[in-house]
Amino acid sequence: MNISKQKGTKDIYSDDILIWQFIEENIRKIAKKFNVGEIRTPVFEATELYMRGVGDETDIVSKEMYTFLDKGDRSITLRPELTAGVVRSYIENGMNSLPQPLKLWYIGNMYRYEKMQKGRYREFAQFGTEIFGSASYLADAETILVSSTLLKEIGLSDDIVLSINSIGCSECRKKYIGILREYLKPRIDNMCDSCKVRYNKNILRIIDCKEEKCNHELKDAPYITDNLCDDCKEDFSNLQNVLTNLKVEYVIDKKIVRGLDYYNKTVYEYISKDLGIAVGGGGRYDGLVSTLGGPNTPAVGFALGMDRLVLLLKEKNILEKIKNNVDIYFALFGDTAHLIGNNLMQTLRNEKNIYVIDGDISNKSPKAQLKYASSKNAKFVCIIGQDEIDKNICIIKNMETGIQENINLNSENIIKYIDNN
Ligand code: ATP
Ligand code: MG
C-alpha cells in the first residue's frame, strides 16, 4: 500500500524550494536591517491559549483548529497562528523587563483544518513580526514598513495592494457597534446564516462578509472609520502621514475589520491583485498581553502567508534569477580520476567559496555525465580520464559555446581559466 501525504499538506523541493529559500533569505536580511530579533516557539500549545488569545467566535477557533488530547489527557492544539504563542512566551519569559519596545520576528508552519483551494492549505507557513511596548502609530508604521520592504525586495510590490483601516479603541468601537446594531436590525433577516450568528457574537465581522445579499444590505452601512473618537482619528491620520512620507503606497478600505478578536486601532491587509485574496495582514492588539495574564502592554504585528507569496513569485519567472546553477562540473572516468577530481573539487570549494561545484559520484558513462551536467545548467565541465592524467591535463568544456580546451591539471589553472572566461 502506498502512503500519500495528508490533504492540505505538500512536499517542497526542486524549483519550489528555491523560491522558498529566496524569500527566507530576504526575510533574514530585512529583519537584521530593521534590528528585529528572531523568536521560535513550540508548534503545539495548550488549546486554552487560542481560545482566549484568538477568540472562541473566530473561524480559526470555532472551525479550523487541530485539537487533540495527548497521552496525559491535556488538550493540545497545533498552532493555527503565532501571535498568541509569541505573547505567551513574552509573558512567561518576563520579556517586559527587557528594553522596550521589543521587536520580534518569526517564521513557521501553522495548522488549520480548512477546505483546500488555491493558496489555502492545512499546513502553511507564515512570516510575522510583533512589536511590544509601544503604543505609538510609529510602531504600526514600522510593522508596515518591514512587511512592505519584504514585498518590494522579492519583487511583488506591483502585484499587491496595501489596504489600511482603523477599527478604533474599545470605547469608540462600543459606540459604533450600537449604531451598527441599529442599522442591521431591520436587515439581518435578509442576510446569510453566518451573519445572523455574527450579529450576536461578532457583529463587526458582518462588515466584510463577501455574500452578495449581505453586500446589498450593507450598501449604506455606517463604517467604524467614520465613527472614531478624536484620539483614534488623530492616530489614524498620523499613521497615514508617516506612510506617505515614507512613500509606502496604501489605500483606505473601511471594510477591513480582520478576523481575529484581539485587534484594535490600526488594521491592514495586503491583497494580491491577481489572486484576489489576502497574502497577509496585521494590526494593533493592545489588549492581548493583559488578556493572557501579562502586564498591560501595547503591541502591534503582522503575518504574511509564505505559500501565497510563493504562488505569486512562481508566476513571475523568478527562477531564472535565483536558480542554483553549477559553475563547474567534474566529469570523471576511472578510480584515479575520481581521486584526483575529488581533491580538485575540495580545493576549489575552499579557495573559491562563491563557486557551485559538483562532480560524478556514480561512475556514469561519458555521455550520461555530460547530460547530467547540462541538466544542472553547468557553465563548464572539467573532463578527466586516464588519457588526461597520463598527459597531466584536463579538458575544459564551455557548455554555452561548446568550445573545448586542454589545460594543465591543477587547481590554479582551472580557477584562472574559469575566472577569465
Ligand atoms: P483568509 O481570509 O484568506 O482565510 P485569514 O484572515 O484567515 O485569511 P490570517 O489569519 O490573517 O488569515 O493569516 C495571515 C495570512 O496567512 C493570510 O493573509 C494568508 O496569506 C495566510 N494564510 C491564512 N490561512 C492560510 C491557509 N489556510 N493556507 C495558506 N495561507 C494561509
Ligand atoms: Mg482564514
Side-chain angles (χ1 to χ4, degrees), residues 5-10 12 16 19-20 23 27 49-50 53-66 77-87 105-130 143-144 146-148 150-151 154 156 159-165 167 194 198 202 204-211 253 255-264 266-285 288 300-314:
K5 63 181 182 299
Q6 292 296 299
K7 212 175 181 175
T9 66
K10 56 191 156 354
I12 308 170
D16 284 356
I19 302 180
W20 282 82
I23 304 175
I27 287 172
L49 175 67
Y50 303 112
V54 180
D56 303 16
E57 313 304 339
T58 57
D59 282 355
I60 293 182
V61 173
S62 62
K63 301 181 196 153
E64 299 170 356
M65 294 210 299
Y66 276 90
T77 294
L78 299 184
R79 61 187 183 201
E81 57 96 64
L82 244 161
T83 300
V86 172
V87 170
W105 72 273
Y106 62 77
I107 189 168
N109 283 351
M110 312 296 148
Y111 300 85
R112 295 185 192 175
Y113 197 80
E114 300 214 56
K115 281 210 191 79
M116 279 275 299
Q117 294 161 28
K118 189 175 183 188
R120 190 176 294 287
Y121 312 97
R122 292 183 175 176
E123 181 184 63
F124 62 96
Q126 286 183 342
F127 155 58
T129 294
E130 318 287 359
T143 64
I144 291 177
V146 169
S147 42
S148 64
L150 175 73
L151 297 176
I154 63 177
L156 285 179
D159 306 79
I160 289 167
V161 178
L162 165 63
S163 301
I164 64 171
N165 194 18
I167 55 169
S194 304
R198 288 179 189 133
N202 195 356
L204 216 56
R205 285 231 69 182
I206 292 183
I207 291 292
D208 77 347
C209 182
K210 309 285 186 293
E211 293 266 337
D253 182 346
K255 285 192 157 209
I256 294 181
V257 291
R258 302 287 298 147
L260 312 184
D261 276 359
Y262 51 59
Y263 287 105
N264 67 312
T266 307
V267 285
Y268 56 95
E269 277 182 358
Y270 288 101
I271 316 279
S272 151
K273 292 180 193 167
D274 198 31
L275 300 175
I277 51 174
V279 296
R284 179 162 280 284
Y285 53 94
L288 186 59
V300 54
F302 71 81
L304 288 173
M306 295 284 290
D307 307 70
R308 293 185 189 172
L309 297 180
V310 170
L311 276 182
L312 291 177
L313 281 177
K314 266 172 98 162

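First listed ligand is number 1; within each ligand, the first listed atom is number 1.
Proximity to Glu114 (heavy-atom distance under 4.0 Å) selects the following atoms of ligand 1: 24 (N), 25 (C), 26 (C), 27 (N). Close approach of ligand 1 to Ala278 (heavy-atom distance below 4.0 Å) involves ligand atoms 18 (O), 19 (C), 20 (O). For ligand 1, the atoms sitting less than 4.0 Å from at least one non-hydrogen atom of Gln126 are 13 (O), 14 (C), 15 (C), 16 (O), numbered in the order shown with element in parentheses. Against a heavy-atom cut-off of under 4.0 Å, Ala303 is close to the following atoms of ligand 1: 14 (C).
Note that CG of Leu312 is 4.5 Å distant from CG of Leu275, once rounded to the nearest 0.5 Å. Distance CD1/Ile144 to OH/Tyr270: 6.0 Å, rounded to 0.5 Å.
Legend: salt bridge (charged side-chain N to carboxylate O under 4.0 Å, His left out) pairs involving residues 303-314, not counting sequence neighbours, sorted by first then second residue: Lys10-Asp307, Asp16-Lys314.
Within a 6.0 Å radius of NZ in Lys273, other residues, nucleotides and ligands contribute more than 12 heavy atoms.
The side chain of Arg112, and not its backbone, has at least one atom closer than 4.0 Å to an atom of ligand 1 (non-hydrogen atoms only; side chain from C-beta on).
Of the candidates Val279, Asp307, Leu304, it is Val279 that places a heavy atom closest to atom 20 (O) of ligand 1. Of all the listed residues (Tyr121, Tyr270, Tyr111), Tyr121 holds the heavy atom that lies closest to atom 28 (N) of ligand 1.
Checked by distance only, ligand 1 and Gly280 come closer than 3.5 Å through their nitrogen or oxygen atoms.
For Glu64, there are no salt bridge (charged side-chain N to carboxylate O under 4.0 Å, His left out) partners at least two apart in sequence or on another chain.
Shown are Val257, Asp253, Asn165; of these, the side chain to side chain contact (heavy atoms under 4.5 Å, CB included) with Val267 is made only by Asn165.
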